[in-house]
There are 2 protein chains.
Amino acid sequence: MTGPRPETGEKTGSMPNASAPEMLEAKLWGNPCPFAFRLNYLALLYNTPLYEWIRDSYGLSRPEYVVLYSLALADGGSARDVSRTSGFPKNTLSRAIKRLELMGLISPREKAPGGGRKQALHLSRKGWALFEETRPAFEAQEQRMLTALSEGERQILSELMSKVVLAAREWAGELPAETRLVTPGEEQQ
Amino acid sequence: MTGPRPETGEKTGSMPNASAPEMLEAKLWGNPCPFAFRLNYLALLYNTPLYEWIRDSYGLSRPEYVVLYSLALADGGSARDVSRTSGFPKNTLSRAIKRLELMGLISPREKAPGGGRKQALHLSRKGWALFEETRPAFEAQEQRMLTALSEGERQILSELMSKVVLAAREWAGELPAETRLVTPGEEQQ
DNA sequence: TCGGTCAAGTTCAATTTGGAACTCAGAAGT
DNA sequence: ACTTCTGAGTTCCAAATTGAACTTGACCGA
């Protein structure tokens, strides 16, 4: 998604502070898709330092941690469930799950090798411990992100975004045909 | 973002429709970071079909199109500006820019090879044409995404998100030390 | 019960990605 | 003017990502 990056201050450039003010202003105020930009930009600023930290401190990749987190919220979920709710392709998750199992963070799936249908995944005690240990950092980052808003504003923001999410089946998925067909010259390259 | 995915309906699993209701419900209503989840989920649902379409129709990768789009909004910006406002690492963008130049979508940078300091980038006529041709699809997707909201609600949503973005320098960047130090066992793996 | 269809999960291979090291142009300091 | 410092952009290469094909269990209808 999306997103990837820095740490000590100058690796990728996702640092919000200092400069790039021109382009940032343009993307904020002169953007034909202002909402989409805010979405992506905030997601980036939120995710980047957290997953960087997870990687450096625990040696877990982003998809791996996403699986852990997903199972902590919905124990017994399948790889497919995680894929649907996180956007990672299923083969990436397959590998992530295998490694989590190897690391002892997911309890071993009985009978599976070969590719069975719908496997319910469960965190091991160690997996739960890791989740509990790391959760506060995610919560803290969310709180930090929202400090600019009052309690009431957060309420409203949450409500509006929920509305958009709940209507997702109406708008997400494939692009409408008319949109796609705007392009006469398909298939170059 | 980071982000990536489906098309004909069953490639990655980011399809919002049909199933995974359990886990989706849990992530929506039982999440310690509800705002962050909505952010990521919406960004995913928005980006995925668009960049899929860009790739299939124009042969441009996501970072490549991001550079194009960024320059369309802020002509004369540098690679670093794009990196700061998009989150892609600079080497990825360096490659993207090189290819865009090769494809004739970016006007050739005079004197550069070797690595000069701060190069102002400009779209070529062809680059502008491609942007204008593809922009409607992005706008349409944003509109589709917001259909669930009234005009007033969109106004409020935009305002609240802007607030959070503008306060970014306060909260984004490195994780606060206390948060990081929660972990006693650093450096495994 | 058999054959057919579907989809979850895996494997493989080719591409893409991004961390690290490097080059080098301006800026800063003396 | 000379040296040092800073940081934008590039190159390299190991690692991660993912599209495509495959395997296999589950479900369905006759």
Gap between atoms CZ and C1', on A:R80 and C:dC6 respectively (whole Å): 12 Å
Closest nucleotide among C:dT10, D:dG19, D:dT10 to the B:R55 side chain: D:dG19
Could you verify whether a donor N or O on one side chain and an acceptor N or O on the other, from A:D56 and A:Y51, lie under 3.5 Å apart? no
Looking at D:dT11, I'd like to know if its phosphate oxygens (OP1 or OP2) sit under 4.0 Å from a side-chain N or O belonging to B:K98. yes
To the nearest Å, give me how far apart CG (B:D56) and C1' (D:dG19) are. 11 Å
Assign A:S61 to base, sugar-phosphate, or nothing according to its heavy-atom contacts below 4.0 angstrom with the strands shown. nothing
Separation of D:dT10 atom P from B:I97 atom CD1, nearest Å, is 7 Å
Please state how far atom CZ in A:R99 lies from atom C1' in C:dG9, giving the value in whole angstrom units. 20 Å
Taking atom types as modelled, find out whether B:R154 and B:Q143 have a side-chain donor-acceptor pair closer than 3.5 angstrom. yes
Minimum heavy-atom separation for A:G76 to A:H122, with atom names? CA-CE1, 3.6 Å
Nearest non-hydrogen partners of A:L100 and A:E64, listed with the distance: CD1-O, 3.5 Å
Could you state the atom-to-atom distance from CG of B:L93 to C1' of D:dG7 in whole Å? 16 Å
Side chains of B:N91 and B:S94: donor-acceptor distance under 3.5 Å anywhere? no
Could you check how far CD1 of B:I106 sits from P of D:dG9, rounded to whole Å? 12 Å
Could you check which of C:dG9, D:dT10, C:dT17 has an atom nearest any side-chain atom of B:R109? D:dT10
Taking atom P of C:dA8 as reference, at what distance in whole Å does atom CZ of A:R84 sit? 6 Å
Just report the end-to-end axis angle for the helix from C:dT1-D:dA30 to C:dT30-D:dA1, five pairs per end, to 10 degrees. 40°
Counting only distance, no hydrogens or angles, is the base of D:dG9 paired donor-acceptor with the side chain of B:N91 under 3.5 Å? no
Roughly how many Å is it from CD in A:Q119 to P in D:dT23, rounded to a whole number? 18 Å
Any side-chain N or O of A:T92 below 4.0 angstrom from OP1/OP2 of D:dT17? no
Which sits closer to the 5' end of DNA chain D, B:R95 or B:S78, going by the nucleotide each is nearest to? B:S78
Can you give me the closest heavy-atom contact between A:A148 and A:E153, atom names plus distance? O-OE1, 4.1 Å
Using atom types as modelled and distance alone, determine if a side-chain donor or acceptor of A:S83 lies under 3.5 Å from a backbone N or O of A:A79. no
